[in-house]
Amino acid sequence: MKRVVVGMSGGVDSSVAALILTQQGYDVIGVFMKNWDEADADSGACTAVEDYDDVRRVCDQIGIPYYTVNFAKQYWDRVFAVFLREYRAGRTPNPDILCNKEIKFAAFLDFARKLEADHIATGHYARLDHSGSMPRLLRACDASKDQSYFLAAVPAAQFERVLFPVGELQKSDLREMAKAHGLATAQKKDSTGICFIGERKFKQFLMDFLPAQPGDMVTPDGNVVGHHDGLMYHTLGQRKGLGIGGGGTGEPWFVIGKDLEQNRLIVEQGESDRLYSTSLMAHNLNWFAGQPPADRFTCTAKFRYRQSDQGVDVEILSNGGCHVRFHQAQRAVTPGQWAVFYDGDTCLGGGVIESTEALCPLLP
RNA sequence: UGGGGUGUAGCCAAGCGGUAAGGCACGGGACUUUGACUCCCGCAUUCGUAGGUUCAAAUCCUGCCACCCCAG
């Protein structure tokens, strides 16, 4: 009997993933990862305990053994430290993409090997085609839940023994299945926020690790219109949290840039053309096929989770990066985030956004 | 000190005798395995202040206060 170790979060998706695997005749072991040690007992401190309780309940219900494992050290070193470094550098990282690469499909994979597992599985909404020499990552059948974006940094080899049991399901059917089997998590609300850390007041959370560095908020022509507590607490295209309003056109204000040298946050009132870009440069590329489809190719891309697919022309550069030209100007494409490429339902890979070319230069 | 103007929520701002629009900000929620965006809901028993007129005042009258502008 093939053995599968399932990463269980305490949510409904991984619960059903485990259920499906038992139905398919696998020898299933549930494993709950605890990767974040709560520093202080503020908001959401107990959710990890509740989540593990749910994992235990579900595993008892479907009759599989369960374990818990703590990757807090690895998470901190390989994910969170990078996350903080990126923020310090003025970028906006995506910790969950890194988490998948470094923890769920690396540290966890190694752990499963020690349990002599043939496969690992998670509750991700994505599909893997194992028919070829290399695994091919495909979008989930439920397009509205597709999470392939978050998997774009994982080297293809790390997917060789991975199963995504819920990738074929519609979310509504998955909920029904959980309900039909009376799973403890059937009605549980989907969790959001940074993986293993959870929903937080983001600025407050960051402040615990990146102390305030107050500076001015200025318009593109240099008028000081307010003050900020630190550039790292804001990201491109952001509206909330600026605290400025009134006067002018009456429209809301948005972050359109960061001036690291002078520690100034550049803001503008209304939907600025300056928020739009026509191309980007990316590095740290990961291609599931082992290499890009060609030196130049056309495909679709996403620059953030749940964005609709955008047509782009990709040009591979000699330095290992790539230049991505957008068919249509894109709003608030942000350095540190990931550009992920698709050919139809196939996820080709992705890379970290290094810089963008503005539709309208910020400085004349 | 004369003359004029303005004072409505944190900020803009409608209102012009009939019982406080709207926007921004902010708060809450929805959406969402990053950060964002977006959407929905909430947000002045009260109109600088003290009186007066009136059935009824943010709206009219008077005093006072504050700020702005022009004179000087």
Side-chain angles (χ1 to χ4, degrees), chain A residues 7-14 17 33 35-36 44 47 51 75 79-80 82-84 86-87 89-104 122-126 140 142 144-153 164 166 171 188-206 210 217 225-227 230-256 258 267-272 275-276 302-308 330-340 350 352-353:
Chain A
M8 297 183 71
S9 65
V12 65
D13 297 332
S14 54
M33 280 179 260
N35 299 341
W36 185 253
T47 57
D51 288 339
Y75 186 82
V79 178
F80 206 69
V82 176
F83 170 83
L84 295 179
E86 286 291 287
Y87 268 115
R91 292 184 285 267
T92 305
N94 186 322
D96 290 358
I97 286 186
L98 203 54
C99 175
N100 283 324
K101 177 187 178 186
E102 301 290 346
I103 306 296
K104 291 180 183 166
T122 66
H124 281 99
Y125 282 87
D142 187 337
S144 69
K145 293 299 298 182
D146 174 51
Q147 293 171 328
S148 58
Y149 178 84
F150 288 106
L151 300 168
F164 292 138
V166 307
K171 179 80 183 197
K188 192 171 174 181
K189 189 182 188 302
D190 290 348
S191 70
T192 58
I194 300 174
C195 239
F196 301 117
I197 297 177
E199 289 189 80
R200 303 302 182 93
K201 300 276 184 189
F202 203 74
K203 180 181 173 186
Q204 276 302 319
F205 174 70
L206 274 185
L210 302 171
M217 246 183 244
V225 292
H227 304 280
L231 297 180
M232 58 285 188
Y233 306 139
H234 299 90
T235 191
L236 295 191
Q238 186 167 4
R239 167 178 175 175
K240 290 289 180 181
L242 296 179
I244 51 178
T249 61
E251 294 172 287
W253 292 73
F254 296 94
V255 175
I256 64 170
K258 295 183 181 186
V267 298
E268 189 164 28
Q269 191 170 28
E271 265 301 317
S272 171
L275 258 181
Y276 287 77
K302 297 186 199 221
F303 313 109
R304 51 171 51 75
Y305 178 53
R306 286 178 64 80
Q307 177 185 25
S308 61
Q330 299 292 311
R331 182 185 186 277
V333 174
T334 307
Q337 292 283 296
W338 275 67
V340 176
V352 179
I353 299 166

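Note on naming: letters A, B, ... go to the chains in the order of the sequence lines (proteins, then strands), and numbering restarts at 1 for each one. Note that this is a predicted model, so its numbers are computed, not measured.
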Participant: Look at K240(A) and C24(B) and indicate whether a side-chain polar atom (N or O) is within less than 4.0 Å of OP1 or OP2.
Facilitator: no
Participant: With rounding to whole Å, what would you report as the distance between A13(B) and U6(B) at their P atoms?
Facilitator: 13 Å
Participant: Considering every strand and a 4.0 Å limit on heavy-atom distances, what is the contact class for G245(A): base, sugar-phosphate, or nothing?
Facilitator: base
Participant: Less than 4.0 angstrom between a side-chain N/O of R239(A) and OP1 or OP2 of C24(B), yes or no?
Facilitator: yes
Participant: Taking atom P in both G17(B) and C61(B), what distance in whole Å separates the two?
Facilitator: 12 Å
Participant: Counting only N and O atoms by type, is there a donor-acceptor contact under 3.5 Å from the side chain of K188(A) to the main-chain atoms of D51(A)?
Facilitator: no
Participant: Please measure how far the P atom in A25(B) lies from the corresponding atom in C11(B), and state the result in whole Å.
Facilitator: 15 Å
Participant: Could you tell me whether the side chain of T334(A) has a donor or acceptor atom within less than 3.5 Å of a complementary atom in the base of G35(B)?
Facilitator: yes
Participant: Atom CD of E102(A) to atom C1' of U34(B): distance rounded to whole Å?
Facilitator: 16 Å
Participant: Has K171(A) got a side-chain atom pairing as donor or acceptor with S144(A)'s backbone, closer than 3.5 angstrom?
Facilitator: no
Participant: Using only atom types and a distance under 3.5 Å, with no angle test, would you say the side chain of Y149(A) pairs donor to acceptor with the backbone of I97(A)?
Facilitator: no
Participant: How many Å lie between CD on Q238(A) and P on C24(B), as a whole number?
Facilitator: 17 Å
Participant: Of the nucleotides U32(B), C37(B), A36(B), which one has an atom closest to the side chain of R331(A)?
Facilitator: C37(B)
Participant: Rounded to the nearest angstrom, tell me the gap between atom CD in E271(A) and atom C1' in G23(B).
Facilitator: 16 Å
Participant: Could you state the atom-to-atom distance from CG of D13(A) to P of U32(B) in whole Å?
Facilitator: 11 Å
Participant: Could you tell me the separation between the CG atom of L98(A) and the P atom of U34(B), rounded to a whole number of Å?
Facilitator: 15 Å
Participant: Say we look at U1(B) and A20(B): how far apart would their P atoms be, to the nearest angstrom?
Facilitator: 39 Å
Participant: Shortest non-hydrogen contact from M33(A) to I103(A)?
Facilitator: SD-CG2, 4.2 Å
Participant: Is C60(B) paired to anything, Watson-Crick or G-U wobble with both distances less than 3.5 Å, and if yes, which nucleotide?
Facilitator: G52(B)
Participant: Heavy atoms only, 4.0 Å cut-off, all strands: where does Q269(A) land among base, sugar-phosphate and nothing?
Facilitator: nothing
Participant: Go through the steps to decide whether R331(A) and F254(A) satisfy the test side-chain contact (heavy atoms from CB on, under 4.5 Å), and finish with yes or no.
Facilitator: CA-CA 12 Å; R331(A) 182 185 186 277; F254(A) 296 94; 3.4 Å; yes
Participant: Heavy atoms under 4.0 Å, any strand shown: does K145(A) hit a base, just sugar-phosphate, or nothing?
Facilitator: sugar-phosphate
Participant: Identify the nucleotide, in any strand shown, that forms a Watson-Crick or G-U wobble pair with C39(B), with both distances under 3.5 Å; if there is none, say none.
Facilitator: G29(B)
Participant: Looking at the angle O4'-C1'-N9-C4 for a purine or O4'-C1'-N1-C2 for a pyrimidine, is C61(B) syn or anti, with syn meaning within 90° of 0?
Facilitator: anti
Participant: Tell me if a side-chain donor or acceptor on Q147(A) pairs with a main-chain N or O of A126(A) at a distance below 3.5 Å.
Facilitator: no
Participant: Using the P atoms only, state how far G22(B) lies from G15(B), rounded to an integer number of Å.
Facilitator: 14 Å
Participant: Tell me whether the side-chain N/O atoms of K189(A) come closer than 4.0 Å to OP1 or OP2 in G29(B).
Facilitator: no
Participant: Please measure how far the C1' atom in A21(B) lies from the corresponding atom in G5(B), and state the result in whole Å.
Facilitator: 25 Å
Participant: Could you tell me how far apart W253(A) (CH2) and G23(B) (C1') are, to the nearest whole angstrom?
Facilitator: 14 Å
Participant: F150(A) near the nucleic acid: base, sugar-phosphate alone, or nothing, with a heavy-atom cut-off under 4.0 Å?
Facilitator: base
Participant: Please determine, for A21(B), whether a Watson-Crick or G-U wobble partner exists with both distances under 3.5 Å, and give it or none.
Facilitator: none
Participant: Heavy-atom nearest nucleotide on RNA chain B for L242(A) versus D190(A): which residue maps closer to 5'?
Facilitator: L242(A)
Participant: Base, sugar-phosphate alone, or nothing: which one does I97(A) contact when heavy atoms must sit under 4.0 Å apart?
Facilitator: nothing
Participant: Need one value for D146(A): base, sugar-phosphate or nothing, where a base atom within 4.0 Å counts as base even if backbone is also close, heavy atoms only.
Facilitator: nothing
Participant: Is R304(A) close enough to G35(B) that one of its side-chain N or O atoms is under 4.0 Å from OP1 or OP2 there?
Facilitator: no
Participant: When we call it a touch if two heavy atoms are under 4.0 Å apart, what does G241(A) touch: a base, just sugar-phosphate, or nothing?
Facilitator: sugar-phosphate
Participant: Paired with U1(B) by Watson-Crick or G-U wobble geometry, both distances under 3.5 Å: which nucleotide is it?
Facilitator: A71(B)
Participant: Given 3.5 Å as the limit, does a donor-acceptor pair link the side chain of Q337(A) with the main chain of T92(A), or not?
Facilitator: yes
Participant: Looking at A66(B), which nucleotide sits across from it as a Watson-Crick or G-U wobble partner, both distances under 3.5 angstrom, or is there none?
Facilitator: U6(B)
Participant: Any salt bridge linking K145(A) with D13(A)? Criterion: basic side-chain nitrogen under 4.0 Å from a carboxylate oxygen.
Facilitator: no
Participant: If I take atom CH2 in residue W338(A) and atom P in nucleotide U34(B), what distance separates them, rounded to the nearest angstrom?
Facilitator: 17 Å
Participant: Quick one: which of A36(B), C24(B), C37(B) gets closest to the side chain of T235(A)?
Facilitator: A36(B)
Participant: When rounded to the nearest Å, what value does the distance between C1' atoms of A30(B) and C37(B) take?
Facilitator: 14 Å
Participant: Classify the nucleic acid contact of F83(A) as base, sugar-phosphate or nothing, counting any heavy atom under 4.0 Å across all strands shown.
Facilitator: nothing
Participant: Send over the distance from K201(A) NZ to G35(B) C1', rounded to a whole Å.
Facilitator: 16 Å
Participant: Between C43(B) and U8(B), how many Å separate the two C1' atoms, rounded to a whole number?
Facilitator: 15 Å
